[in-house]
Amino acid sequence: MGQLLIGLRRNRKALVGLAIVLLIVLVAVAAPLLTEYNPAGRTGRPHQPPSAEHILGTTRLGQDVWARLIYGAQTSLAVGFAAGLLITVVGTTLGIIAGYRGGKTDEVISFLTNMVLVVPNLPLLLVIASFVGQAGPMVIALILGLTSWAWGARVTRAETLSVKQRDFVKAAEMMGEPQWRIMAFEIFPNVFSIVGINFIGSVIFAVITEATLEFLGLGDPNVISWGTMLYNAQKASALSVGAWWDILAPCLALALLGIGLSLLNFAVDEIANPRLRTGGRLARWSSLIRSGEGRL
Amino acid sequence: QTVLTVNIEPATTWVRNFNPFNQTSARQSTLDFIYEPLVIFNQFDSNKPVYRLAESFTLSDDLKSIDFKLRSGLKWSDGQPLTAEDVKFSFDLVKRFPALDFVSIWTQIDGVEVADAETVRFTMKEPTSLAAETLVQIPIVPQHAWKDIADPVTFSNETPVGSGPMTEIARFTGQTYDQCRNPNYWDGEHLKVDCMRFPQLADNNQILTATVDGTLDWGVSFIPDIEKVYVAKNPEHFHYWYSPSSMVAFVFNQESANADNRKAFSDLKFRQAVSMALDRQGMVDIAGYGYPTLNEDPGLMGELYKAWADPSVTTDFGKFATYDEAAAAALLDEAGYVDKDGDGMRDNPDGTKIAFSIIVPASWTDWIDTVNIAIDNMKAVGIDARIETPEEAVWSQNLISGKFDAAINSLPAAASPYYPYKRAFTEADKGKTRFTAQRWFNADVEKLIGEFTHTADLDKQKDIMNRAQRIVAENLPLMPVFNNPNWYQYNTSRFTGWSTKENPFANPSITRNNRARLLNLLALQPVP
Amino acid sequence: MLFLLRRILFYLAAFIAAATINFFLPRLMPGDPVALMFSSAGSELPPESLEALKLTFGFVDGPLWEQYLTYLSSIFTGDLGVSVKYFPLPVTDLLGRALLWTVGLVGTATLISFALGSFLGMVAAWRRGSRLDVVVSVSAIFATSIPAVVTSLVALFVFGFTLGWFPTGYAHDPALDPSFSLAFFASVAHHAILPLVTLCFVLTGGFTVTMRNNMINLLGQDYVVMARAKGLSDRRVMVWYAARNALLPTVSSLAIALGTVLGGSLVTEVVFNYPGLGNTLYQAILARDYPVIQGQLLVMTAAMLVSNFLVDVSYVLLDPRLKGSG
Amino acid sequence: MSDALLSVRNLTIDYIGAETDFRAVDDVSFDVAPGEVFGLAGESGCGKSTIAFAVSRLHGPPALIRKGSEIRLAGRDVLGLDKRALADFRWREVAMVFQSAMNSLNPVLRIEEQFYDVLRTHTGCTRKEARDRTAEMLTLVDIRPERMRDYPHQFSGGMRQRIVIAICMALDPKLVVMDEPTTALDVVVQREILQRIDELRRQRGFSVLFITHDLGLMVQFCDRIGVMLSGRMVEQGPSEAIFRTPRHDYTKRLWASFPSLKGGVLG
Amino acid sequence: MNEPLLRFDTVSKTFGSETGGVRAARSVNFALHSGRALAIVGESGSGKTTCARMAMLEYLPTSGRVLFKGEPTAGRRGRDLATYRQAVQMIFQDPFASLNPAHTIAYHLKRTLRLHRPDIRSADLDAAVFEQLAGVKLDPAIVAPKYPHELSGGQRQRVNIARALAARPQVLVADEPTSMLDVSVRLGVLNLLNEMKAARNLGLLYITHDIATARYVAEDIAVMYSGQIVEWGDCGAVIDNPQHPYTKLLLSAVPDPACRFSDAASRIDPGAVEAVRRIAAKDQSEVVTAGENHFVLAV
Ligand SMILES: Nc1ncnc2c1ncn2[C@@H]1O[C@H](COP(=O)(O)OP(=O)(O)OP(=O)(O)O)[C@@H](O)[C@H]1O
Ligand SMILES: Nc1ncnc2c1ncn2[C@@H]1O[C@H](COP(=O)(O)OP(=O)(O)OP(=O)(O)O)[C@@H](O)[C@H]1O
Ligand SMILES: [Mg+2]
Ligand SMILES: [Mg+2]
Ligand code: NI
């Protein structure tokens, strides 16, 4: 785990990704300080283009887009992280249990996993979300968590299977460690990078999916989030009336968060899998080759 | 060949269904255009009958039977004669298959008989002066084509045989269909349009695109910032006219499960104060883009039924449906609604808490915005209101079952205020329709409504209505805010003769429930 | 072939389980379609018509298990019921007409993305650290991290509305009747470009990244090094030694992607008003059109199972190591 | 030795790191005479494989062969070869057997195909000719020629290793580099394979650069041995001498850590 | 002789189905006494590890019994299993893989002490850890806080031994404990094992394919081929005077720097190898006594 952190610090992708994500988190947390406007209140005339007063313009209802954007970040992040956490916890737990226990347990969990994998995810989500009706962000997070853990469970299981073969697990068994301890303290730290990748991937997925569900009108329209911003902008035909700021602002925010998280994810991947690493050494290598210091 | 391109309903794919009895999935161009009504009551012209298939009708003096006389020489589009038998057949069909009876006509009539080849007689269960208006809702279908249909409920009537102007389905694909001139149309000389074309348009954005680029001649849709987005593109030809339609109002449930809220809701002063707190113009302008028509009539007449309005009612009670924040606050203070527990929100005079949600369907954004404005307004005078956005179906079920505190609701537009009044204030309808959601009933009002149908005399009817609206305005069971717009855009570059604000000869909306749309069609002249 | 037999058993079980979920889900949904239809019709329909509507759609009551059995048997007879929204169109017809478009659009997009992504991933991995690699990997990251909603909306805005290069809806010019004419196909192609490109944009990145990672892991393998030592041409080593093996795990993600084809890229179809399955499902959900929702989920699950099965088979064909086993 | 087949001079190889470099091979020089078996011994990580890779120019980034290094094979400057010459040089001049036989055959190609790859690239022969040659080669390592249509996973580890050796022989290279070719195998199989290589070498006259960390085996198999310690060549000489009279302290220590079959330790 | 610590009584183990499976152990008999080491040698796949795992109760024998101090081990659960796990410890082949990269050396030892030495109070754990490390000649202060990857192979294997010994076992099973180590540190580990065996009166089951190290560590030896023990007895006697053809073959294949491949005498004939394999693979239950404490399966 410590290595992971050190690795993250050394990785340029990770730094950029982390900077982006932290920036968004910071902006979300500091939202009340960054705008004087109430994100839900009508604070200007409808569809005012960006100006000094409303730096990202106003929505059709005259709400300040910037205020909505940064308050919306709270929702998007909260859903993303909550769902990501849920997906990861469920997936990892099931994956490790299935992989480690094997036998019947594995059969049952694997069957469940494959089942969930086989049922198309987004449509299912849509259906469930509409069944729940007026799905608030946390409900969406819950639904996401309960329907999207399968992939994580599958990779974690695969990884667990290979870690399980390693002698230190055998050693712990021989030592008489209880099973839960083996899973929690021997296997878990060693599948941590997979868990990390799964987590960040799930966060991306959750953020995107939440926005999609809300964009499609299946969320709670009163919640301020990037998804509902898109939904409202689309409903107000923002693009057609030329209010590009209304729709592009949440678009760009989503893209930015997505990119930040993806960069982090790739970095974790690279750190977990040294082969994928490139970075500074290759640049140094090429410059040395070019300067004639050596050759292949 | 002149083709009129029309947007009538949003859809992702057209399904070939021209069953006129099917109100939900048949193509909306079925009624009127394929199945012409006997008579059209023109709401935009004092509800005068415009005779179509029928050339006249006569109501018996006891208001218990009515004779419709058909024009002579009527023909179905396949050339077969259209007779009183067909009319009788249609009503009998509806009787045999109750699923077809979308206006429950057989709860109102006792029987149909053919008096002669061109006359049908209906006998009513109760005397009513409004029989004709309901009877003409039932489409008349050809007996020869329908008698062998085993299950007319699931019949999709792909190649309709009709009586209206546009009966021939010249082309039908999932993305567009053309409905063309009936070769045997009785009123063919007035019909200058050869075909109507219905392109499939899925959502606002697409409709908008098609409207703005001039593809559509006749449209019915919401267009944001219409002046800028649409009219400005071609001021000479692109026009719109948003006349008032169904009335939108806030309602408090008099039978709310929350006893504390109920106390306030049942207090007239509270209702009056809340009503005064509502910034109706703001709702119209911001939530409605300025398209709805302001409604500040506590007697619910408004612009739509202004012919029926008793001016003295607005003089006496108008202020209770007009925005005045200060007056609202003062009235609340006076009635004892002050903040007792120091949370900044007003409480009941006895100190119990008032806090309620206003329910609004989740996907109806303009209403949601309206409610949000209302909540801001209420908060401004210290009333603790929140918004709740259940699914549309849940909203409507809650209104019907009475499981809510406050809501935004609408009352249908009709030929006269009689209909909304009947819908909203008939106690027997409680728990059956969402129009009685407020659960406010008044024996006098109900009696007046009953009397209204028992006379065919307009002055008497007006008098009845005057009395009823005074009671309603006095009690303010509904807090009207505006009338929804009757969506209507038209393009004069290919056709002229449209019903316009300046020449409002008929309701121009092309939606399914507007019979008068046929009149608009028949008035069109192609631009040479 | 024990392996395949086991899989088939799994698929059957999965299908029945999915079908069961499918059956119970809509029954948990608040608000029935009739009530919804009635309320959406707003003030237009008189309250009396509610009764007529209920009669029309004849929602069968009766013991749940009976309904369930009827449902199960109907699945196997291919009778998925009648759409409520498009009454009385059978669900199979409705799905049938959408199916073609979706398979055409999303199927093509998936295959193009798979081919393109795998190719880019292969080249990027082969030229590790080169400028090409940097460009490819970074753009892949970008492409995968931008939500499809965003991509579609922006594409629609820029190329559809602003520049007007492409139509903003439909699968073909409504003026043309489907036929085997050049004009028709040209129109289909013209209408498909924007959604297709957006979809490819969204999908390619994922394939690229998977392929690149697989490749890089494989490039260190002894047999790849040995292939180089053998003096084989770079092309041959890259394609036949590294990529061929790296592709194997990617095939399973292709399966998932292909399986979701029938879900359509819902968002893309909705944004571009493409008359595919995704759009149909979306509308069905909005209209609470249970039979369509059920039918669609079923069809999608079946598609997923079938494509998984095909992948299983192709695995056995592609990887000789699996042939012997079982 | 001017008539050396392979001559390595001042070979210095770095693995480039993000900040600092790791010197894996430091100024190593040695020669391999025609027909000779030269052994590179030393502990894990001392740079043996790095040298082996350099000899067939298989390195990729981040390995860097520092300037001043020189590798000559039959007089040709190996480090100066361009891409085309390199492709031709590989396998025809220097063939290589890798550490693990399990992984050095492409699992999805038939054995035949993997032979054909080499033969077609280098000799441009037809499938028919390639098949004949394959059969010949397989017979050489005691594998029935019919099995050329099998996939690698259908062979045991020892057989796969022999197949790799057969592929090595296909072009009659001058030098065969063997990087721990038998580590994964048990002693009996190992013995069989090395004996076979020894015979082939006698028949065909190629030289062998043999890498292992098993000194005992090395002395048995090699003519001359170089002992490496963290990138440097600390001692070089005929195997007899390395065994009987080791000069360098490190070599002595190595011998001292070998238990003997006869009891006690070797050294 | 007194009761052995660990005894295999006609133990067989078949993986997979009875008919088509792999017979990894066939009627294996041996006994391990305290203070002595028994080496099991044989080429890879001969079933050595399988035997070790059966001794560790990881696998249950298909037939036959594994006895600990005369008592059957089969069916041990809970407390019984815990005491057994304490009494029988194992050292793995790969010193890197057998330590969890996520934990420090101190953690590994602490866990063992916690599990098997309830007598040590928490406060004394650190001291006990240091003591264990010092016992295997590692500098506790330096090694304890480190992570496995920060240690050399030899050090790691010492940690493994320390960990195994921390449980105060009576039997130590070592499965190829030096095969992954560099030659130079190999001997140190072997010496350590020898010392511990003597100092703690351990019974050491030493598994290897390297006969030379077997001789270095063990008093007794058993040569396995294809799941059978083909020859067993006193280590010196078996190695100096092999009777079974397979033992002979194995000994002749062991690299011996003293004779070169080029010597025709030292060559082994591939045909003969096949023949030996065929003989050794046959089921055989008849035992021939070749000397005092030296037995061989009849051929
Ligand atoms: N790609 C690389 N990047 C950085 N360092 C490397 C790389 N490859 C090898 N090294 C380092 O170079 C040194 C020499 O490695 P090499 O593989 O040549 O050793 P070796 O003698 O073959 O060892 P072994 O007997 O374990 O195969 C090692 O210390 C290793 O850590
Ligand atoms: N879990 C298992 N399932 C199936 N077969 C197994 C299993 N474990 C071992 N075997 C088989 O049993 C036989 C004996 O294996 P074992 O690991 O005991 O050999 P070994 O003598 O330890 O070999 P090595 O020296 O390679 O470690 C081998 O053929 C092996 O393939
Ligand atoms: Mg090496
Ligand atoms: Mg073993
Ligand atoms: Ni850590």
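Reckoned from all heavy atoms, side chains included, excluding hydrogens, waters and symmetry mates. Each chain gets a letter, A, B and so on, in the order the sequences are listed, and its residues count up from 1.
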Asks: Taking the side chain as C-beta and beyond, is there a heavy-atom pair between H209(E) and D186(D) under 4.5 Å?
Replies: no
Asks: Got a sec: does the CZ of R204(D) have more than 12 other heavy atoms crowding it under 6.0 Å?
Replies: yes
Asks: Just wondering, do R191(D) and S252(E) contact through their side chains at under 4.5 Å, heavy atoms?
Replies: no
Asks: In terms of heavy-atom pairs under 4.5 Å, which option from R253(D), E199(D), H213(D), E240(D) contacts chain E the most?
Replies: E199(D)
Asks: Hey, is CZ on R23(D) packed in by over 12 heavy atoms from elsewhere, all under 6.0 Å?
Replies: yes
Asks: Please report the shortest heavy-atom distance between V187(D) and P255(E), naming the atom on each side.
Replies: CG1-CD, 4.1 Å
Asks: Would you find more than 12 non-hydrogen atoms of other residues, nucleotides or ligands less than 6.0 Å from E292(E) atom CD?
Replies: no
Asks: I'd like to verify something: which residue of L251(E), V185(E), L187(E), D210(E) has the highest number of heavy-atom pairs under 4.5 Å with chain D?
Replies: L187(E)
Asks: Using non-hydrogen atoms only, which part of R196(D) is less than 4.5 Å away from chain E: side chain, backbone, both, or neither?
Replies: neither
Asks: Heavy-atom cut-off 4.5 Å, strictly under: side chain, backbone, both or neither for I211(E) against chain D?
Replies: both
Asks: Just how far is it from atom CD of Q190(D) to atom CD of E43(E), taken to the nearest 0.5 Å?
Replies: 11.5 Å
Asks: Check whether L217(D) gets within reach of chain E through its side chain, its backbone, both or neither, counting any heavy atom under 4.5 Å.
Replies: both
Asks: Quick one: closest heavy-atom pair of Q220(D) and V254(E), and the distance?
Replies: OE1-O, 4.4 Å
Asks: Quick one: closest heavy-atom pair of A212(E) and P259(D), and the distance?
Replies: CB-O, 3.5 Å
Asks: Where on L194(D) is there a heavy atom nearer than 4.5 Å to chain E: the side chain, the backbone, both, or neither?
Replies: both
